[in-house]
Amino acid sequence: LTSQYAYTNELKTTPKNMASLTPGERVYVGFTARNTGNTTWKNSGANFISVGTLNPMERYSTFATGSNWLSPTRPATMGVSQPTVAPGETATFEFWMTAPETTGVLNERFGLVINGISWLNDTGLSYYTNVGQ
C-alpha cells in the first residue's frame, strides 16, 4: 500500500473526510499498491487481481449495496488504464462505497487477491467511518 484517498466524485475534485458519513452517502475511494512480487498483475482474464473484503475474508460488505461492485465481497480490479502492472510498478484501485442505512462506527477492511490463486499479504488497508452519528 503506497497511498489511499476518498473523494465526493470520480473526478477527484473534492476530498472527502471518511470520519463522518450520512446513511446512503456515496464516496469515491481509491488506493495505490506497489507490486513487490515477481509476477505481473493483470486486471482481467485468468488469475486477475482484485480488491476483496477482509476480517473475515470474503465478508459481504455493508458498503456494497448501491456501489456497483463486482460482487458484495469484491469492489474492483485495477483500472482499465492499467491492463498489467509489472513487479516494481504501482497499481491503482478505485471504487464507490455507499454508507449503509445502519448508523455507527465502521471499519471496512480490504486486501488484494489474485483470483483463483491466493490472497496477497494484508497491508492494513482500512476505511474508518462514523455513519450518521
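Just so it is clear, the values below take in all heavy atoms, side chains as well, and ignore hydrogens, waters and symmetry mates.
Residues L112 and M57 do not share a hydrophobic cluster, clusters being chains of Ile/Leu/Val/Met/Phe/Trp/Tyr side chains in contact below 4.5 Å. Linking ILVMFWY side-chain heavy atoms closer than 4.5 Å, directly or via other members, places V113 and L70 in two distinct hydrophobic clusters. F110 and W119 fall into different hydrophobic clusters, defined by Ile, Leu, Val, Met, Phe, Trp and Tyr side-chain heavy atoms under 4.5 Å apart, directly or through other members. Taken together through direct or relayed side-chain contacts under 4.5 Å among Ile, Leu, Val, Met, Phe, Trp and Tyr, M78 and F95 form part of one hydrophobic cluster. Each of L54 and Y127 belongs to its own hydrophobic cluster when Ile, Leu, Val, Met, Phe, Trp and Tyr are linked at side-chain heavy-atom distances under 4.5 angstrom.
Ionic pairing of R26 and E10 is not present here: no N-O contact between side-chain nitrogen and carboxylate oxygen is shorter than 4.0 angstrom.
Using a distance-only test at 3.5 Å, with no hydrogens or angles considered, a donor-acceptor pair links the side chain of N35 to the main chain of V85. Side-chain atoms of S67 come within 3.5 Å of backbone atoms of F63 as a donor-acceptor pair (strictly under, hydrogens ignored). Panel note: side chain E89, backbone A86; a donor-acceptor pair is recorded below 3.5 Å. Looking only at distances, no side-chain donor or acceptor of R109 sits under 3.5 Å from a matching main-chain atom of N55.
The two residues Y7 and V27 come nearest to each other via the heavy atoms O-CG1, 3.5 Å. Closest of all the heavy-atom pairs between T2 and A33 is OG1-N, 4.0 Å. Taking each heavy atom of T32 and S3 in turn, the nearest pair found is OG1-OG, 2.7 Å. Considering every non-hydrogen atom in both P87 and T40, the closest pair reads CD-OG1, 3.7 Å. Shown here for K42 and T84, the closest heavy-atom pair between the two residues is CG-CG2, 4.4 Å. Across T98 and G66, no two heavy atoms sit closer than the pair OG1-O, 3.2 Å.
For E108 and S61, the side-chain atoms include at least one donor-acceptor pair closer than 3.5 Å. Residues Y5 and E94 bring a donor and an acceptor atom of their side chains to less than 3.5 Å of each other. A donor-acceptor contact closer than 3.5 angstrom links the side chains of T90 and R34. Defined by atom type and a distance below 3.5 Å, a donor-acceptor pair is present between the side-chain atoms of S126 and N107.
Note that the CH2 atom of W69 and the CH2 atom of W96 stand 13.5 Å from one another [nearest 0.5 Å]. Atoms CG and CE, from L106 and M97 in turn, are 8.5 Å apart once rounded to the nearest 0.5 Å. To the nearest 0.5 Å, atoms CG (N121) and CG (L1) are separated by 12.5 Å.
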message: Using the rule given for side-chain contact (heavy atoms from CB on, under 4.5 Å), can you reason through T22 versus V131, listing the C-alpha separation, both sets of side-chain angles and the distance that settles it, and then say yes or no?
response: CA-CA 5 Å; T22 58; V131 178; over 6 Å; no
Could you go step by step and tell me if T92 and Q82 meet the side-chain contact (heavy atoms from CB on, under 4.5 Å) rule?
CA-CA 8 Å; T92 301; Q82 289 184 294; 3.6 Å; yes
*Verdict with supporting geometry, K16 and L21, side-chain contact (heavy atoms from CB on, under 4.5 Å)*: CA-CA 9 Å; K16 175 64 180 170; L21 297 177; 3.4 Å; yes
*For Y28 and T14, run side-chain contact (heavy atoms from CB on, under 4.5 Å): C-alpha distance rounded to whole Å, both residues' side-chain angles, the deciding distance at 0.1 Å, then the answer.*
CA-CA 10 Å; Y28 193 69; T14 307; over 6 Å; no
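Considering only residues two or more places apart in sequence or on other chains, N9 meets the side chain to side chain donor-acceptor pair (under 3.5 Å) condition with T13.
The only option from N43, N115, T77 that meets the side-chain hydrogen bond (donor to acceptor under 3.5 Å, both in side chains) definition with S50 turns out to be N115.
Taking the centre of each ring, F93 and F31 come in below the 6.0 Å mark.
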